[in-house]
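Take a look at the structure set out below.
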Amino acid sequence: MTNIIGDIRDQIRSVVRKAMAAATEKGLLPDISVDEIIVEAPKEKEHGDFSTNIAMLIVKKARKAPVQIASILIDNMDFTDTYIERAECAGPGFINFFLDRSWLYDTLRIISREREDYGRINIGQGSKVMVEFVSANPTGPLHMGNARGGALGDCIASVLQAAGYDVTREYYVNDAGNQIEKFGMSLEARYLQLLKGEDAVEFPEDGYQGEDIIDHMRDYIEEYGDKLLNADPEQRRRELVDYALPRNLERIRKGLESYGIHYDVWFSEQSLYDSGEFEETINYMEDKGLLYEKEGAKWFKATDFGAEKDEVIIRNNGIPTYFASDIAYHRNKFEKRGFDRVINLLGADHHGHVARMKAAVKALGVDPAKLDIVIFQLVRLFKNGEIARMSKRTGRAISLDDLLEEVGRDAARFIFNTKASGSHLDFDLDLAVRQSNENPVYYVQYAHARICSMLRLLDGEGISVPDADEVDLTLLAAPEELDLIKKLAEYPDEIRISAQTLEPSRLTRYVTDVASLFHSFYTECRVKGEEESLMKARLLLVSAVKTVIKNVLDILSISAPERM
RNA sequence: GUGCCUGUAGCUCAGCUGGAUAGAGCAACGGACUUCUAAUCCGUAGGCCAGGGGUUCGAAUCCCUUCAGGCACGCCA
C-alpha cells in the first residue's frame, strides 16, 4: 500500500512550497499562490531523479528571470526528513532534485514486506465501480472485436481493484428485443430448410448467416426431430430461441472463462421488463416531461441534455428500442444498485451511443461524470501478411475460440493490451502464434522463468531469499542494479496512472521495461557464487523483480511460468 | 455533408494535463555463450513527429486549417 514515488513527489512539493514561503518572508519573492506543483521524472540522468518547472511558471508573478527564481528557491530549501540530497538549477530554469540512494533500498524493503500486495494503492477508497464489457449479442459466437474489449475491460477492472475500488464485472445479456426476433427468424428458416430443403423457405434478408445457426438446428433436429414443423410460427420461434440462446450463452461464458475472464454478474435485459423496472423508468421519464410523441413514436429529448439529436424510445409499433432498455439498465446500475461509478466498454462502431447515453443519465438526475464510456478502436486482423476480413454477416469472422486455440490466452491478452484503447490495432496472427523474440509476451515470461530457475538452483544449495533486514542493501550500487530498483519503485504509481486513465496498456509496457532491465542486470551481475553479503543483497533484488513481474502479470491475467 | 478516432523510424506503437538532445519493440547491420536459462545481452544505423498557419520563454503535445485512413450518422444494436 506504499507508493514511494508518490511520497517523494509530495516531499518535493512540500519542500518547494516551504521554500516559496521562506523566500516571501525574506522579501525575495512576492507572495505567489500556485494550484499544483508539477514534479516529473526527467529523461536524462544528469537532470536528477525528479524535477520541477515551477520557477518558469511563476516568472510573470515573480517579475524575475526563471533561473534567478530557481536559485532563490534552492537557497531556501530544507531537506530535513526527506530523501532529497541536493537540488540544482539547470537549463532554462528547471530545478532538479537528486535523491539519496536510501529511497531505492527502502523500495526493496517495501516489496519484500508487501509481496503480492506490492503495487496496491487506495485511491478508490472502496467505492463501488461497475465495469460492463463485451456484452455481445448472444445470437452468435464472440469475435476479434469482443476479444479486444474483453482483454481491455477485464484488465481495467483488475487495475481498478488494485487501486482500491470495489469492482463488479458485468455482462449485459441482450436477451430481449429486435435481435432476438431476428435470431428466432434465422433459426426457424434454417430449421425449415434442413427439414424441407434449401428452397423451401427464403432466408430472411437481414438474418444471421453464420454456420452456427445451422449447427444449432442440426442438433435440435437430432434431439427433437420435426416436432415443430407444423407448429404455430410464433411458438416455434420461441421454442427455437429457448433452445439456442442458452447454448450460445454457455459457449460465450466458457470462451470468456478460458480467456481468463470471470464475471460477477450476468445481467438479463429481459429481467428489466419482467421486474417492471423498464415500465417504471418510462413512467419516470414521462412524469418528468422528458418524452414527447412524434409520428406515432415516443421520443426522448436528448438534445435538452447535450446530445445532437433526439432519440426514439418506443417505436410506432409499440416496441421499445434498445436505447430504451439501456436507460432502464443504467437507472438500475445507479439508483437500484448504487454504483458510485459505471464504466462501459464499447467498440468504436458504437461510439454514437456515448452522447445519448450520457444525456440519458443526466436526465435521470445522475451526474454524467459518474459514467465513463471507454471506446476502443476496432481490430484489423492480419494473416499471411494480408488483412483477414471479418464479416459478421457472412459469418466468416474469426471467433474468440479460434483465437484462443491458435494464439493462446497469454499472447492474446498481452497483445490486446499493448496498444492504447484509442489506437487502431493490427493483430498479426502469424506473429502472435510465433514463440520467438518477436513476440513480446515471452520476453516478460522468460524473465520470470529465469528468476525462478535461479531461485530453484540456490534453494537446492540451501540458500533461500533473505529478509530485508539481514541484508546490506548498500552493496547494490551498480548502475544495472540501481536502474532496476528504480523501475520497481515506479510500480504503484503505474497502477495509479493506469487506473486514472483507464489504460492498462501502460502495464504491458511497464512490465516489459522491468524484464528488460532485469535481463541487462543478469548479464552484468552474478548472484550465485558471489561473496555472501553481495549474493544475499542481489538475491533479495531478484526476488523483488519476480514479485513485481508476477503482480503485473496477475493483473493482466497472464500466466507467470516457472520454467520455459 | 456532419461528428468521433487515428496519422511519430522500414513495420507495430509509446510520448499528447506544453518542457531540457523525440523513445521502445521488431526488422537491418556488427559483436557476446567452458560460469545462475542466448526465448538473452551489448553496439551501429534509422525521423521535415502527415502538410500549412497561429498561441509563448518553449509545441509531437494546445488552437485554426488542409490532406489521408478508420468508424458512425436507422423507429438496428
Side-chain angles (χ1 to χ4, degrees), chain A residues 36 38 40 42-44 46-47 51-53 56-57 59-60 65-66 90-94 96 135-137 139 174 177-179 182 206 294-299 308-309 311-326 346-355 375-378 380 382 415 418-428 431 434-447 449-458 461 480 501 505-506 508-509 512-513 515-516 518-530 535 538-539 542 563-564:
Chain A
E36 208 210 341
I38 297 164
E40 53 187 9
K43 280 175 277 185
E44 303 292 324
E46 304 81 67
H47 296 148
S51 75
T52 179
N53 60 354
M56 291 178 285
L57 294 180
V59 272
K60 276 191 184 143
F94 290 100
N96 295 332
S135 298
N137 272 336
T139 50
N174 301 127
N178 203 44
Q179 76 284 352
K182 250 170 35 179
D206 56 350
K294 193 178 95 182
E295 294 161 8
K298 209 173 277 270
W299 296 68
E308 285 196 354
K309 54 185 172 62
E311 299 286 344
V312 169
I313 292 289
I314 314 276
R315 289 182 261 255
N316 63 11
N317 62 8
I319 298 173
T321 61
Y322 168 82
F323 181 47
S325 54
D326 216 13
L346 249 33
D349 52 340
H350 290 90
H351 75 254
H353 200 52
V354 177
I375 297 295
F376 58 92
Q377 297 302 313
L378 301 175
R380 258 196 328 179
F382 278 80
I415 290 168
T418 49
K419 273 96 189 174
S421 52
S423 56
H424 301 263
L425 191 151
D426 288 342
F427 194 104
D428 186 335
L431 175 75
R434 226 170 290 158
Q435 301 207 1
S436 75
N437 61 337
E438 292 168 74
N439 197 337
V441 66
Y442 299 111
Y443 183 81
V444 174
Q445 291 183 319
Y446 181 64
R450 218 177 193 186
I451 293 170
C452 290
S453 162
M454 296 168 78
L455 298 181
R456 232 179 358 251
L457 209 71
L458 288 164
E461 297 179 12
E480 289 80 11
T501 57
S505 62
R506 290 188 69 91
T508 56
R509 271 192 299 282
T512 304
D513 287 347
S516 170
F518 166 73
H519 286 310
S520 298
F521 158 83
Y522 182 88
T523 23
E524 282 308 311
C525 307
R526 289 193 56 83
V527 178
K528 184 170 173 279
E530 284 290 347
M535 181 196 69
R538 285 185 174 163
L539 190 49
V542 161
R563 294 169 202 268
M564 280 175 81

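Atoms considered below: every heavy atom in the structure, side chains included; atoms not considered: hydrogens, waters and symmetry mates. So that the names make sense, note that chain A is the first sequence line, chain B the second, and so on, each numbered from 1.
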(request) Please report, rounded to the nearest Å, how far the C1' atom of B:G74 is from the CD atom of A:Q179. (result) 15 Å
(message) Could you tell me how far B:G10 sits from B:A28 if I compare only their P atoms? Round to whole Å.
(response) 15 Å
(request) Report which part of the nucleic acid A:E295 touches: base, sugar-phosphate, or nothing (heavy-atom distance under 4.0 Å, all strands). (result) base
(request) Round to a whole Å and report the spacing from NE2 of A:H519 to C1' of B:C33. (result) 16 Å
(request) For nucleotides B:U2 and B:C11, find the distance between their C1' atoms and express it as a whole number of Å. (result) 34 Å
(request) Tell me the partner of B:G43, counting only Watson-Crick (N1-N3 plus N6-O4 or O6-N4) or G-U wobble (N1-O2 and O6-N3) with both under 3.5 Å; none if nothing fits. (result) B:C29
(request) Tell me whether B:C26 sits syn or anti, counting syn as a glycosidic angle within 90° of 0. (result) anti
(message) Tell me the interatomic distance from A:F382, atom CZ, to B:U12, atom C1', rounded to whole angstroms.
(response) 10 Å
(message) Let's test this: given Watson-Crick or G-U wobble pairing with both distances under 3.5 Å, identify the partner of B:U2.
(response) B:A72
(request) Could you tell me whether the side chain of A:H351 has a donor or acceptor atom within less than 3.5 Å of a complementary atom in the base of B:A72? (result) no
(message) I need the A:T52 OG1 to A:M56 CE distance, nearest 0.5 Å.
(response) 8.0 Å
(request) Classify the side chain of A:D513 versus the base of B:A14 as yes if they form a donor-acceptor pair under 3.5 Å and no if they do not. (result) no
(message) Regarding B:A77, can its base be found pairing with the side chain of A:T321 as donor and acceptor, where the two atoms are less than 3.5 Å apart?
(response) no
(request) For B:G74 versus B:G69, give the span between their C1' atoms, rounded off to a whole number of Å. (result) 25 Å
(request) Would you mind telling me which residue lines up with the more 5' stretch of RNA chain B, A:P42 or A:N317, judged by nearest nucleotide? (result) A:P42
(message) Given 3.5 Å as the limit, does a donor-acceptor pair link the side chain of A:Q179 with the main chain of A:N174, or not?
(response) yes
(request) Can you tell me the pairing partner of B:C67 across any strand shown, Watson-Crick or G-U wobble, with both distances under 3.5 angstrom? (result) B:G7
(request) Select one nucleotide: of B:A72, B:U12, B:C75, the one nearest the side-chain heavy atoms of A:D349. (result) B:A72
